[in-house]
Amino acid sequence: MKNIFKSIGPAIIVAAVVLGPGSILTSSKVGATFGVMGLPVIFGATVLMIAMVSLSARLGAVYEGSLCDELASRLGRPVAVLIGLTLFTLVAFFQSSNNIALIGGIEPLFGDTPLSFQARCAVLVLANLSIIAVLYLLRDLYSSVENMMKLLMAMMTISFLLNFLVIFTKPRAYEPVASTEALDWLPLLGMIGTTFSVGGAFYQAYLAKEKGWGPNDARAAFTDSIFSISLLGCITAMILLTSWRVFYAHPNPVELSSVGDVARQLEPLFGSAAKYIFCLGILAGALSSFLVNAMIGGTVMSDSLGKGASLKDRWPLHMTAIALLVGMSVAIASLAKEGSTVNLITIAQALTVLGIPALAAALIYLGTRKELQGNRKIPKGIIIVAIIGFCVACVLAAMTAVKVYDKLNPPPKEEKSAMVIEDNTLQSHQCAETFGSTFMS
């Protein structure tokens, strides 16, 4: 048992960044809409994620160079730069959702009155500058991040487990009523993306190198992947079941448009104490995604340019800081003027069409090279499941392409009420979270 816990490390960081605000929101929506039918989806996505993370970890352990360096030596530097740029752009844009989620997790703690725009900006600036300072001041950044993610994952597990136990020890507050409305399949697809995160899996290879793993650490890498990603699946399932118990088939359907809404709407059933517990889980999810999400884009972008892939190098830190600042700026612009970031989100969504399959294909390509023999060879079972994951990534990318096309070619309408405009803007943000989190939540 001691050896098992000792081997846990890199994948817990990936699990922490995947279990962010987008995952909390989509699993809550799936629970409210589909109920327990969403559990098999979580199981399938978790299995795909375990395979992809295991593949990436082994690649990081068996190859001497980093992923982008290995791709550049075989396919050319432009291919590596294309992957790095795609991932960095997505991270920078979708980092804004983590900023907004941070506000969403804090506001319910201060009552029902939203914070002022100035207060929100102050919180975001302080949070981002603090994290940037941590990036440059910590000497052993990897160990610090690993320990921090273990703590945040423990906080999320305890928070959502307590809410789960509280709600299932009480009788349902209403009689379920079968809904006659058409089901919205977008949250279900989004939950696949927020659990099966190709970008998070891609980064696992870099974390394995930071851990110092080599070809002889294959078993430790597999154990780490199974434990950490299974924990991710269990927490997601707990959130889904909690939402199912509270919202599914409710006579008066509720709109879960943000994680803050979920926390506030659970208060009448759980009481104020449980609301704080739930908000603690939300904040832990936002903070865990906050730093590592930016590190993924910064490290891979630096590596693709040949500027270094270790957290001990300066360029990955510089690119991570840029990703944090861009995400903060987009979030502030969104808070200042609703809908001002729709074009940026559309661009980021378009990039997923190329990025999702490209990252998965790159992992499979490197995992099937003939020079990987003996203890460096990737098991066929992992490759087969990873190929299935690649097919799933292609389906998600195709659906994103349809969404982007519809957004760029809206049907002509002479007039739109303020309510319709606000609803379309909200759907744009939700669509961005759903498909953007296929890279990281």
Side-chain angles (χ1 to χ4, degrees), residues 14-46 48-49 90 94-98 100-102 104-105 156 159-160 163-164 183-200 229 231-248 253-263 265-266 278 281-286 288-289 293 345 348-349 352 356 392-393 395-397 399-400 403 426-441:
V14 173
V17 69
V18 171
L19 190 61
S23 180
I24 296 172
L25 179 57
T26 53
S27 55
S28 296
K29 286 188 173 184
V30 170
T33 305
F34 294 90
V36 295
M37 290 191 299
L39 290 178
V41 176
I42 294 177
F43 176 79
T46 300
L48 294 178
M49 187 62 175
L90 278 164
F94 288 105
Q95 184 67 11
S96 62
S97 67
N98 288 327
I100 294 174
L102 183 63
M156 281 188 279
S159 297
F160 295 125
N163 280 281
F164 175 82
L183 294 176
D184 181 8
W185 293 90
L186 189 60
L188 189 66
L189 296 174
M191 191 173 68
I192 299 174
T194 55
T195 305
F196 176 51
S197 170
V198 181
I229 305 305
L231 180 61
L232 161 67
C234 289
I235 296 176
T236 304
M238 281 194 297
I239 298 172
L240 183 148
L241 289 173
T242 301
S243 181
W244 163 69
R245 183 72 173 179
V246 177
F247 301 120
Y248 181 69
V254 292
E255 182 70 25
L256 303 179
S257 58
S258 71
V259 287
D261 289 344
V262 178
Q265 290 172 359
L266 291 176
F278 193 85
I282 293 171
L283 287 174
S288 64
S289 297
N293 182 55
I345 290 172
Q349 285 177 313
T352 65
I356 296 173
V392 172
V395 171
L396 290 175
M399 291 180 174
T400 303
K403 292 291 181 181
L426 178 59
Q427 290 180 4
S428 297
H429 282 279
Q430 290 176 350
C431 190
E433 272 194 358
T434 296
F435 292 101
S437 56
T438 307
F439 276 91
M440 60 282 310
S441 182

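Given the structure is predicted, the values throughout are model-derived calculations rather than measurements.
For Thr33, the side chain to side chain contact (heavy atoms under 4.5 Å, CB included) partners are Leu183, not counting sequence neighbours.
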- How far apart are the C-alpha atoms of Met37 and Leu188, what are their side-chain angles, what is the distance that settles it, and do they pass the side chain to side chain contact (heavy atoms under 4.5 Å, CB included) test? CA-CA 10 Å; Met37 290 191 299; Leu188 189 66; over 6 Å; no
- Show your reasoning for whether side chain to side chain contact (heavy atoms under 4.5 Å, CB included) applies to Val392 and Ile192. CA-CA 9 Å; Val392 172; Ile192 299 174; 4.1 Å; yes
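Leu39 has its side chain within reach of Leu241: a pair of non-hydrogen atoms, C-beta onward, lies under 4.5 Å apart.
Residues Leu240 and Gly35 approach most closely at CD2-O, 3.4 Å, considering heavy atoms. Contact detail for Thr195 and Leu232: the closest heavy-atom pair is O-CD2, 3.9 Å. When all heavy atoms of Ser27 and Ile24 are compared, the closest pair comes out as OG-O, 3.2 Å. Scanning both residues, Phe34 and Tyr248, for their nearest heavy atoms gives C-CE1, 3.8 Å. Considering all non-hydrogen atoms of both residues, Phe164 and Met238 come closest at CD1-O, 3.9 Å. When all heavy atoms of Ser197 and Gly200 are compared, the closest pair comes out as OG-N, 3.2 Å.
Without hydrogens or angle criteria, Ser243 side chain to Ile239 main chain gives no donor-acceptor distance under 3.5 Å.
Met156 CE to Ile235 CD1: the interatomic distance, rounded to the nearest 0.5 Å, is 6.0 Å.
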